[in-house]
Number of protein chains: 4
Amino acid sequence: MVHNDIQTLFAESLNELKLTEKQKAVLNASLKLFSEKGFDRTSTSDIAQLAGVSEGTVYKQFKTKEGILTAIIGPFIQQVMPKAATEFTNEVTHTSYPSFGEFLHAIIKDRMVFALNSMPQLRIILHEVITNQAIATGFSHLFENLIVGPLGQTLKHYQEEKQLVDWPLDRIIRYVATTVMGYVLPAALLHGSVDIEHASREATEFLLKGLKPA
Amino acid sequence: MVHNDIQTLFAESLNELKLTEKQKAVLNASLKLFSEKGFDRTSTSDIAQLAGVSEGTVYKQFKTKEGILTAIIGPFIQQVMPKAATEFTNEVTHTSYPSFGEFLHAIIKDRMVFALNSMPQLRIILHEVITNQAIATGFSHLFENLIVGPLGQTLKHYQEEKQLVDWPLDRIIRYVATTVMGYVLPAALLHGSVDIEHASREATEFLLKGLKPA
Amino acid sequence: MVHNDIQTLFAESLNELKLTEKQKAVLNASLKLFSEKGFDRTSTSDIAQLAGVSEGTVYKQFKTKEGILTAIIGPFIQQVMPKAATEFTNEVTHTSYPSFGEFLHAIIKDRMVFALNSMPQLRIILHEVITNQAIATGFSHLFENLIVGPLGQTLKHYQEEKQLVDWPLDRIIRYVATTVMGYVLPAALLHGSVDIEHASREATEFLLKGLKPA
Amino acid sequence: MVHNDIQTLFAESLNELKLTEKQKAVLNASLKLFSEKGFDRTSTSDIAQLAGVSEGTVYKQFKTKEGILTAIIGPFIQQVMPKAATEFTNEVTHTSYPSFGEFLHAIIKDRMVFALNSMPQLRIILHEVITNQAIATGFSHLFENLIVGPLGQTLKHYQEEKQLVDWPLDRIIRYVATTVMGYVLPAALLHGSVDIEHASREATEFLLKGLKPA
DNA sequence: AATGAATGAGGCTTCATTCAT
DNA sequence: TATGAATGAAGCCTCATTCAT
């Protein structure tokens, strides 16, 4: 089964950790509140209340409030994001597309949906990435290993078929990623909606031109 | 004279407002601290101390802590960003470039420098934009009026000369902007350095291809 | 004017510090509570309540609870104890006693009264001295400089007159001090009363024998 | 076999009580932690951890934290101190000394060693004695029965032989005890070392003079 | 206009104690 | 009997905000 949002993926990942039901409730509640109000504006009593436990319980396993964040970010980097990335790249590499254009369109659409579905959760990550260099680096590696790597085979294939310009793969992926963000971010920030069909076609059109072989 | 960073521009803009020296000191100190630690982690006593005034003074003009932020964001939207944008578009529209390629390269380079110089301050904006929809909308209009508008003439010119694809101007600018961000953001987050010369040439190469007329 | 208890001396000493009335109230309340219940069993809200101020005020000047203790111990070592010691030695050195025996009896009696009057406050010091080596050392120097020093002249005088054994002064004072404590401490701990007249005579009798020249 | 420190004596005493291994572990751990950090600064989870049991187990036998203290103080008063006292007085009364001077020197030296070896544990007692009047009284009786009583025979003997002044025994013992403390306490508090040989000779010299028959 | 002492609500955290397993 | 998750009261401390001077 393939997921297209992060909160669900996260809740599932918690089952692999040694946590009681209440502890999981704390993490789920924290993820929700941190997403909505940000880390600093979420109080530990907010968390306890939403999780339906006492404040003491919040601290039983996650020694500090920061510890809760770490307990969220950890699985995120070690499990949620990898799983999401793997699901994505698996799907991509196991499907055959008639042309680079259709391949491109497919992944752009897929990632737009994913990003929009996961926007609130991605905000936590964004905040952490802004604040915490170690986490930023972690994500950078994640990106390298889980996206650039697996997509490599497919992209190389299109390069050999002369459907894709002969640039380094990370450069190509950079352009794809930022172009997708260029559509998703403004919509997310302005709380507007995106016509994904239209946006993905536009983005594909631009990228196809820009990434055409010389 | 043209500025290439925001803190300086901000300090100058304050001179145009009816503020005592102490009030200006408060705003400058606040901008600095908010940039470094974020709004929530900056205390009003931190601000008073850095500004060299009493806490009472901080509250004399800016009724609340939120009020300080507003007093910063206000000038930002009404003066600093417009001035930055105008300086940019003026320079662009008053200079003649041999070709669209050279024009593109020039503005990409210029904006990369600007963004990298102003990164800490842009973080406040980024954080506010994430949290506060009204501010996000304000920025959106700013962008529309100050960038898309003034640049319009020049871009249209290149479209008429068949050096630039015949797409709506905001779409074109979106791609330019996101591509620049694609180079600047990772460097900023990973605290790495950017080879601006190289990055701007790469970005230009990609955009030229992607924005070539059909 | 000569004081024979510590709480009064302490309250007077506070006037020499730059503290508001409320801050002084905090310190006086703290001294009282720490004396009665001990540091660990006194809560900051207890202190605030007894001092008649808000808890915030408690922390305005004394950054931490430990800071309150320091703010008490500091004046104690720097002002209260020196003043007490000086008042004592002054009185002793400016009075002439017919014999060493009467001199001894006078100071023993005086110190018994002082110790019994100041017992609750001395408990804080005792606790600190047990826990904190630096403070223990501070007291040791205090003792050396303020007691052994000033008393030196007088004792030497009695040594020359062959009324006092020819031992080092600190050894002699050690015996006097511990003998006094031997009467005061049990009474203080058992909350019993002391017949000072009787106790001081007994102690004098013993010390006179023990300190008689060979 | 004769002991010269309290922690060992305590551990042995526990064997005479009907306690499971875990209960004993709890008491030993508590004694150690209370000695090191004091009662108030020792948490029950600290104790559980050091004892290698769960927090639940700690509460199974000792209903409250205070109960642990009682369970320590009890054996202390009922067994440890009596045993220590008895071992001491037995040794003293079963050995014959050529003179009161040698007798005095022997017991002074012995008690100095004992006090220095047991200093950390004595601190708990000291703290409790300061705080808790009942315990203080208990100790007072202990002292009376276990020291003054047994030593009585020996001291009377020396009084009859005119080697010892004809004062009440508790008065004599008071002076011996406080003089010993006068050497031991400063060293313990300043974490200095004591030259026991020298100190005991000095103390003996003084006491011999002070306790000489008229 | 400027000061800074004072406030009190609320945040994070600890810890003695209980109870279902 | 032993466990350890769970509790909730209470502790220490911060901070935006007010107000008398």
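Contact between the side-chain N/O atoms of C/S54 and the OP1/OP2 oxygens of E/dT7 is found at a separation under 4.0 Å.
Two residues, A/T20 and C/T57, neighbour DNA chain F, and the one matched to the more 5' nucleotide by heavy-atom proximity is A/T20. Mapping A/D46 and B/Q23 onto DNA chain E by nearest heavy atom places B/Q23 at the nucleotide closer to the 5' end.
Atoms NZ (B/K37) and C1' (F/dT14) sit 12 Å apart, rounded to a whole Å. Rounded to whole angstrom, the span from the CG atom of B/L33 across to the P atom of F/dC15 amounts to 12 Å. Rounding to whole angstrom units, CD of residue B/E21 and C1' of E/dA1 are separated by 14 Å. Between B/Q49 atom CD and E/dG4 atom P there is a gap of 12 Å when expressed in whole angstrom units. As a whole-Å value, the separation of B/F62 CZ from E/dA1 C1' is 14 Å. At whole-Å resolution of the value, CD in D/Q61 and C1' in F/dT3 are 16 Å apart.
Of all heavy-atom pairs between C/T64 and C/Y59, the closest is CA-CE2, 3.8 Å. Nearest heavy-atom pair across C/S45 and C/E55 is CB-OE1, 3.7 Å. In this structure, C/I72 and C/S30 approach most closely via the heavy-atom pair CD1-CB, 3.7 Å.
Taking the ring axis of A/F39 as reference, the NZ or CZ atom of A/K65 stays within 45° of it and closer than 6.0 Å to the ring centre.
Residues B/F34 and B/I47 are in side-chain contact: their nearest non-hydrogen atoms beyond the backbone lie under 4.5 Å apart. Annotation: side chain of B/D46 is in contact with side chain of B/K37 (closest heavy-atom distance under 4.5 Å). Annotation: side chain of D/L19 is in contact with side chain of D/Q61 (closest heavy-atom distance under 4.5 Å).
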Readout for nucleotides 14-21 of chain E: B = base within 4.0 Å of protein heavy atom, S = sugar-phosphate only, - = neither; 5' to 3' it is BSBBB---
Pairs under 3.5 Å (Watson-Crick or G-U), crossing ones as [ ], inter-strand ones as |: DNA chain E comes out as .||||||||||||||||||||
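For the pairing with C/T42, the side-chain contact (heavy atoms from CB on, under 4.5 Å) check across C/I68, C/L33, C/L50, C/L69 returns one residue only, C/L33.
Among the heavy atoms of the strands, none lies under 4.0 Å from C/V58.
In D/E36, the CD atom is crowded: over 12 heavy atoms of neighbouring residues, nucleotides or ligands sit closer than 6.0 Å.
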